[in-house]
Amino acid sequence: MAQKAILFLLFLVQILLYSENIEAKVPAVIVFGDSTVDAGNNNQISTMLKSNFKPYGRDFFGGVPTGRFSNGRLPTDFISQAFGCKPTIPAYLDPLYSIKDFATGVCFASAGTGYDNATSDVLSVIPLWKELEYYKEFQEKLRNYLGDTKAEETISEALYLISMGTNDFLENYFVFPTRSSQYTVEQYEIFLLGIAAKFLKDLYRLGVRKIAISGLPPMGCVPLVRTISPSSWGHCYEKYNEIAKDFNAKLVHMIAKMNKKLPGIRIVHSNPYDIVLDIINDPFKYGFEKVAVACCASGLFEMSYLCDQYNPLTCKDASKYVFWDSFHPTEKTNFIIADHVMRTSLLEFFL
């Protein structure tokens, strides 16, 4: 998506903030999750799941492949900019950045991870518990940098974004027999939400008060699933979409309970399901032309190292595509998701 168009739309979002008489005091945006929000942490660990090479990042500032699984920025980057923070959120493990950079926004996410530790084991990525340990380390650095009083203010006033869960199903439960032999789908959903609830409590004990936790997208519609699901080849696999909807309903219920249980906390559900499904069902309304296949390579199954700069099939204009690789959205889709989340969920923190 053209940078000028994105900047104009971000300007409109900021006008919306002011028109609602909202003082959006967000000193930092702090991110946990998987490849939907990983800004490049996997670059620094021993895993085969990386994207720090071209054509990834070809529409990012300077055309740099940062390790983001897209052709450009992620939803979290756009949200950070819309709230007056920086236009990109750095990865915590990136040696090019320090606490001076992280004080206004930092990403702990790792592509391929999930709520379940067994999910992170599949591709040897950072598990959720380790993301939390990195966050604790960050808090200590923040106190040393800002002083205790200013650091505590930043911690409590910062906006925390959590996005994960898809890998637990598509990379783990439906691929390997361990969890599927232990749990029914519904039992596994409850198992994952138990982990999510504990994570929220852990953050609360560390002083976190403003959290947006994402539900699952229509995961039956990603090109990879369309390709490998023989019963619905080329179409959305509705079984997976139904699971996503059921999980999201349970997540909303869990969030309501946590808001009642933890005094002073504010947790909102940032729901990507409806907007992504609307894009898929009516792509022309959003200016897209391709939904079932991705931009990179054949668009059917490639991602990470299978999506490289030498593949002649990669599209020329990613803005026409909903998906960048067979699993991840384009920058344009990411912006639309961010805009939707801003208007439907995040503004609740300031009303």
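FYI, side chains are in, hydrogens and waters are out, and symmetry mates aren't considered; it's all heavy atoms of this structure.
Looking at N259, its side chain never comes within 3.5 Å of a backbone N or O of L262 through a donor-acceptor pair. Between the side chain of S80 and the main chain of T76, no donor-acceptor pair closer than 3.5 Å is present. Without hydrogens or angle criteria, S326 side chain to G299 main chain gives no donor-acceptor distance under 3.5 Å. N167 places a side-chain N or O within 3.5 Å of a backbone atom of T113 that can act as its donor or acceptor partner. Checked by atom type and distance alone, the side chain of E131 pairs as donor or acceptor with a backbone atom of G33 at under 3.5 Å. Here the side chain of D101 pairs a donor or acceptor atom with the backbone of S98 at under 3.5 angstrom. With T330 contributing its side chain and Y321 its backbone, the two residues share a donor-acceptor pair below 3.5 Å. No donor-acceptor distance shorter than 3.5 angstrom exists from the side chain of S345 to the backbone of M342, with no hydrogens or angles considered.
Residue L74 belongs to no hydrophobic cluster, having no ILVMFWY side-chain heavy atom closer than 4.5 Å to its own. With a 4.5 Å cut-off between side-chain heavy atoms of Ile, Leu, Val, Met, Phe, Trp and Tyr, the cluster of W129 takes in none.
In this structure, Y286 is a member of the same hydrophobic cluster as I280, with clusters built from ILVMFWY side-chain heavy atoms closer than 4.5 Å. Both I195 and I267 belong to a single network of hydrophobic side chains, linked directly or stepwise wherever heavy atoms of I, L, V, M, F, W or Y lie under 4.5 Å apart. Put simply, V322 and L313 are part of two different groups of oily side chains (I, L, V, M, F, W, Y) that touch within less than 4.5 Å, one to the next. The hydrophobic clustering, which links ILVMFWY residues whose side-chain heavy atoms are closer than 4.5 Å, places L216 and L277 apart. A continuous path of ILVMFWY side-chain contacts below 4.5 Å connects Y145 to V106, so both sit in one hydrophobic cluster.
Between the side chains of H328 and T36, no donor-acceptor pair of N or O atoms lies under 3.5 Å. Remark: the S298 side chain and the E302 side chain contain an N/O donor-acceptor pair separated by less than 3.5 Å. Residues R58 and Q309 have side chains that never bring a donor and an acceptor to within less than 3.5 angstrom of each other. With hydrogens and angles left out, the side-chain atoms of T47 and N42 include no donor and acceptor closer than 3.5 Å.
Once rounded to the nearest 0.5 Å, the distance linking CD of E186 with CZ of F191 reads 15.5 Å. Separation of atoms SG (C307) and CG (N71) is listed at 10.0 Å; rounding is to 0.5 Å. Interatomic distance, CG of N248 versus NE2 of H253, reported as 14.5 Å (0.5 Å rounding). Note that OG1 of T119 is 10.0 Å distant from CZ of F176, once rounded to the nearest 0.5 Å. In this structure, OG in S70 is found 7.5 Å from CH2 in W324, a value given to the nearest 0.5 Å. The distance from the OG atom of S51 to the CE atom of M303 is 11.0 Å, given to the nearest 0.5 Å.
Y160 has its side chain out of reach of I213: every pair of non-hydrogen atoms, C-beta onward, lies at least 4.5 Å apart. A 4.5 Å side-chain heavy-atom check between T333 and F323 finds every atom pair outside the cut-off. Between L93 and N43 there is no side-chain heavy-atom pair separated by less than 4.5 Å. At least one side-chain heavy atom of I162 sits less than 4.5 Å from a side-chain heavy atom of L203. Counting heavy atoms from C-beta on, the side chains of K201 and I265 never come closer than 4.5 Å. The shortest side-chain heavy-atom distance between I155 and L142 falls under the 4.5 Å cut-off. A heavy-atom distance below 4.5 Å is found between the side chains of Q187 and T184. Counting only heavy atoms from C-beta outward, the side chains of M254 and L200 approach each other to under 4.5 Å.
Residues V225 and G220 come closest through the heavy atom pair CG1-O, 3.7 Å. Taking each heavy atom of S120 and N117 in turn, the nearest pair found is OG-O, 2.8 Å. The two residues C107 and A39 come nearest to each other via the heavy atoms SG-N, 3.5 Å. Considering every non-hydrogen atom in both D59 and E331, the closest pair reads O-OE2, 3.9 Å. Residues G114 and L128 come closest through the heavy atom pair O-CB, 3.9 Å. When all heavy atoms of G215 and L251 are compared, the pair lying nearest together is CA-CD2, 3.7 Å.
For residues 113-123, the pairs satisfying salt bridge (charged side-chain N to carboxylate O under 4.0 Å, His left out) are D116-R179, with sequence neighbours left out. Residue pairs meeting the salt bridge (charged side-chain N to carboxylate O under 4.0 Å, His left out) criterion with at least one partner in residues 32-52, sequence neighbours excluded, are absent. Pairs passing the salt bridge (charged side-chain N to carboxylate O under 4.0 Å, His left out) check and including a residue from residues 271-286, sequence neighbours excluded, read D278-K285. For residues 29-53, the set of pairs meeting the ring pair (Phe, Tyr, Trp, His ring centres under 6.0 Å) definition, not counting sequence neighbours, comprises F32-F108, F32-Y135, F32-F199, F53-Y56, F53-Y305.
Disulfide criterion (SG-SG under 2.5 Å) for C315 and C296: not met.
With sequence neighbours excluded, no residue forms a side-chain hydrogen bond (donor to acceptor under 3.5 Å, both in side chains) with E289. For the side-chain hydrogen bond (donor to acceptor under 3.5 Å, both in side chains) test, no residue two or more places apart in sequence or in another chain qualifies with Y115. Not counting sequence neighbours, the partners of K198 by the side-chain hydrogen bond (donor to acceptor under 3.5 Å, both in side chains) test are D202. Annotation: ring pair (Phe, Tyr, Trp, His ring centres under 6.0 Å) contacts of F288 (sequence neighbours excluded): none. Judged as a side-chain hydrogen bond (donor to acceptor under 3.5 Å, both in side chains), and not counting sequence neighbours, the contacts of E157 are K210. Every residue two or more places apart in sequence or in another chain was checked for a ring pair (Phe, Tyr, Trp, His ring centres under 6.0 Å) with F247, and none qualifies.
No more than 12 heavy atoms of other residues, nucleotides or ligands shown are found within 6.0 angstrom of NZ on K320. By the 6.0 Å contact criterion, NZ on K86 is enclosed, its count of non-hydrogen atoms from other residues, nucleotides or ligands being greater than 12.
A salt bridge links E140 with R143: the distance from a Lys NZ or Arg NE/NH1/NH2 to an Asp or Glu carboxylate oxygen falls below 4.0 Å. Checked for salt-bridge contact, K245 and E242 meet the test: a charged N lies under 4.0 Å from a carboxylate O. Between K141 and E137 there is a salt bridge, since at least one side-chain N of the basic residue sits less than 4.0 Å from a carboxylate O of the acidic one.
For Y92 and F102, the ring centers are positioned less than 6.0 Å apart. Ring pair Y240/F174: centre-to-centre distance below 6.0 Å. A distance below 6.0 Å separates the ring centres of F169 and Y188.
Checked against R68 for a salt bridge (Lys or Arg N to Asp or Glu O under 4.0 Å), the options D94, D77, D325 give a single hit: D77.
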